[in-house]
Amino acid sequence: MFSSIKRLLIGRPLKSHELGEQKLNKTKALAILSSDALSSVAYGPEQILIVLFTISSAAFWYSIPIAVGILILLTALILSYRQIIYAYPHGGGAYVVSKSNLGENAGLIAGGSLLVDYILTVAVSVSSGTDAITSAFPALHGYNVEIAITFVIFITILNLRGVTESASVLSYPVYLFVLALFILIAVGIYKIVTGGVSPQLHTPIGTPVAGISLFILLRAFASGSSALTGVEAISNAIPNFKDPAPKNAAKTLMAMGALLAILFSGIVFLAYYYGISPSEKVTVVSQIAEDTFGRNFIYFFIQGTTALILVLAANTGYSAFPLLAVNLAKDKFIPRMFLIRGDRLGYSNGIIILGIASILLIIAFHATTEHLIPLYAIGVFLPFTLSQSGMMVKWLREKPKGWVPKFIANTTGAVISFTVTFIFLITKFSQVWPILIFLPIIVYLFHRIRKHYKAVGDQLSLKTCESPVTIKGNVMIVPVAGMTHVVENTLNYVKSLSPDQIIAVYVAFDREAEKQFEEKWKKWQPDVRLVTLYSYYRSIINPLRKFVDTVEHKASEGNYRVTVVIPQFIPKKGWHNFLHNQSSLLIRTFLLYRRNVVVATVPYHLKK
């Protein structure tokens, strides 16, 4: 049944040689890897207005110069990540750049930040998409968490089906969103030019505003910079591109940067000119669309595509998280399970872990976008700062031809990214403080995992001087719960191995039952020694464990090995297991961790 459901949801398994067919062309890659950055247009401008609104609506004109500053940062980041794509064509982005140029710990900080950031990408994107839906249909506002979780499950299943299949599905909503916003911006500007929008709705640029300060402006700039999250995703996912992968990735990055700049500028300008004020229940894009078109088909088309891309922007996390996890797993900083490809040739363990973590985050924050964005933004601007700084070190160290303009671009990006990170820490400390605790813990865990892998490798290597232990013979211990075909089957198997000694062990809870069992055993298996253990506290595990330890201690003195052979019957149907005590599983679990004790299971398959 499980296999059938899995095939229905995920599809047939793909052969390893079909991996090349799972690579992305530029059109599909732009859709799934840029969806996070493009979707942030729906909430980035709103974050600027939320900060400025704390002064007054008269301060909204400052959103224009703030947007110019954000575009400068975007240009620096795009140019920098274009350099990273060519310098590190195997992917890894900020993690690889920081590790190579700034050291291992800097790389782990960048890698850990991005892992958390991609989880936040899914949570923020889906929560924002849910907000867009409930803006159009206010009656659904109380079901934000349930709607968001449903979307996460849908996108997780879609990604488990494979990269190209998810890209084929997601391309249409992304390009429809771009089309919808182009229509909105074009019609909005047309109405402004033709006098369809009253100039009285906004404060003229340059109007003095009481209470405004550099601190407020920097805070608004940092909040608006959340629109740049997702810019690094393409540099992480270079292996997903068709050959020549670096060239295709670089072209996709430039196209994403151009689209993001146009859409972000257009929404900021329309929000300013229309005099839009941020609202808890109605998004800025929704207000602009309603003021431009009214609540007609085009309005719902814009809201629908906005909701779709905000939800599906989570796919950027699903594309980049598994590949970043692969790079960390190759360096042995996270579990090796992240290196395993699933039935559809995607890194399914990374996809599943990402989905589960995102759902937990949505539940914890009640799908509230405003509470997630600061943590989300600082999680990406910290790697931005490290990657830019890493590229600065690279150019200073290598000094290739034409390195000076590249160094200037990276320096600009590093300074602005660091400024944004610092502002977030100062102004949003009450919301971003968890990263100051979790990030050191994550880096510490990275080191502990790698230390473990190194210790295991050293112990397993044949190059060590440890000589193998000579085994003279075997003592077989068979735990028995009764006289049945299961026990008979196990004893026959054990006898066929010709061990030096066979000991059957019975744990009794009643003295009378103990005597009766001993008498019956002598008649049934007279050639097999039986040891009965009385349990005062009705526990099977403790008396058996003590007995095994005693036998193992005596056996080790003569270089004999103890093997515990566990009889176990296997029901014909899986659900029948819930109807039986799993004593054999408990015994095996406890004894597996005993030194110098081998644990084996002899299955007996039931016919009915």
Side-chain angles (χ1 to χ4, degrees), residues 36 47 93-95 97-99 102-127 145 148 152 218-219 222-223 225-226 228-230 232 236 314 317 320-321 324-325 327-329 331-335 338 350 353-390 414 417-453:
D36 179 24
Q47 295 303 306
Y95 164 67
V97 174
S98 303
K99 181 170 173 284
L102 301 177
E104 188 175 89
N105 283 326
L108 293 180
I109 291 172
S113 296
L114 283 173
L115 284 181
V116 174
D117 181 65
Y118 289 134
I119 297 171
L120 287 164
T121 294
V122 177
V124 168
S125 299
V126 170
S127 298
V145 173
V152 171
L218 288 175
R219 184 181 171 191
S223 296
S225 296
S226 61
L228 305 185
T229 53
E232 83 296 334
N236 279 325
F321 180 96
L324 176 59
N327 280 287
L328 285 162
D331 293 336
K332 300 179 181 178
F333 287 116
I334 61 175
F338 288 101
I353 294 295
L354 176 59
I356 293 171
S358 303
I359 288 173
L360 293 176
L361 204 59
I362 287 169
I363 294 171
F365 284 85
H366 303 288
T368 306
T369 307
E370 188 179 346
H371 293 166
L372 289 168
I373 285 177
L375 194 61
Y376 171 43
I378 197 172
V380 75
F381 273 96
L382 184 57
F384 277 172
T385 305
L386 291 170
S387 63
Q388 307 295 311
S389 303
S417 296
F418 175 77
T419 303
V420 172
T421 305
F422 183 74
I423 293 169
F424 265 114
L425 280 173
I426 298 300
T427 62
K428 301 279 188 178
F429 185 78
S430 62
Q431 293 170 279
V432 303
W433 65 263
I435 202 165
L436 299 178
I437 296 175
F438 295 140
L439 201 52
I441 293 174
I442 290 170
V443 173
Y444 173 74
L445 289 175
F446 285 160
H447 283 295
R448 292 291 299 174
I449 290 170
R450 192 180 195 189
K451 183 179 180 181
H452 166 75
Y453 279 131

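Here, residue 1 is the first one in the sequence, and each next residue gets the next number. None of the values given here were measured: they were computed from a predicted structure.
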Q) Which is it for L115 and L328 under the side chain to side chain contact (heavy atoms under 4.5 Å, CB included) test, yes or no, and what are the steps along the way? A) CA-CA 10 Å; L115 284 181; L328 285 162; 3.5 Å; yes

Exercise. Could you walk me through whether I362 and V126 pass the side chain to side chain contact (heavy atoms under 4.5 Å, CB included) check?
Worked result: CA-CA 9 Å; I362 287 169; V126 170; 4.3 Å; yes

message: If you apply the rule side chain to side chain contact (heavy atoms under 4.5 Å, CB included), what do you find for L218 with I426, and how did you get there?
response: CA-CA 11 Å; L218 288 175; I426 298 300; over 6 Å; no

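With sequence neighbours left out, the salt bridge (Lys or Arg N to Asp or Glu O under 4.0 Å) criterion links R219 to no other residue. P335 is linked by a side chain to side chain contact (heavy atoms under 4.5 Å, CB included) to M337, F338, I449, Y453, counting only residues two or more places apart in sequence or in another chain. With sequence neighbours excluded, the residues forming a side chain to side chain contact (heavy atoms under 4.5 Å, CB included) with I356 are I352, L360, listed by chain and number. Residues satisfying the ring-ring contact (aromatic ring centres under 6.0 Å, His included) test with F384, not counting sequence neighbours, are Y81, F381. Residues passing the side chain to side chain contact (heavy atoms under 4.5 Å, CB included) test with A414 are Q388, S389, M392, sequence neighbours excluded.
The shortest heavy-atom contact between S225 and V420 is OG-CG2, 3.9 Å. Residues G317 and T121 share a closest heavy-atom pair of N-CG2, 4.1 Å. Closest approach of I119 and S358 over heavy atoms only: O-OG, 3.5 Å. In this structure, A222 and I423 approach most closely via the heavy-atom pair CB-CG2, 3.6 Å. What you find for Y95 and G107 is that their closest heavy atoms are CD1-O, 3.0 Å. Between I334 and A329, the shortest heavy-atom distance links the atoms CG1-N, 3.6 Å.
Residue pairs that meet the salt bridge (charged side-chain N to carboxylate O under 4.0 Å, His left out) test with at least one member in residues 103-113, sequence neighbours left out, are E104-R450.
Here CD1 of I442 is found 7.5 Å from OG of S113. Values are rounded to the nearest 0.5 Å. We find the CG-CG distance between L436 and L425 to be 5.5 Å, quoted to the nearest 0.5 Å. Note: L361 CG to S127 OG = 8.0 Å, rounded to the nearest 0.5 Å. If you take CG on N105 and CZ on F446, they are separated by 11.5 Å, rounding to the nearest 0.5 Å. Rounded to the nearest 0.5 Å, atoms CG (L324) and CG (L114) are 6.0 Å apart.
With contacts defined as side-chain heavy-atom distances shorter than 4.5 Å, the pair L439/L382 qualifies. Considering only heavy atoms from C-beta on, I435 stays 4.5 Å or farther from V116 through its side chain.
Distance alone, capped at 3.5 Å, is enough to place a donor-acceptor pair between the T385 side chain and the F418 backbone.
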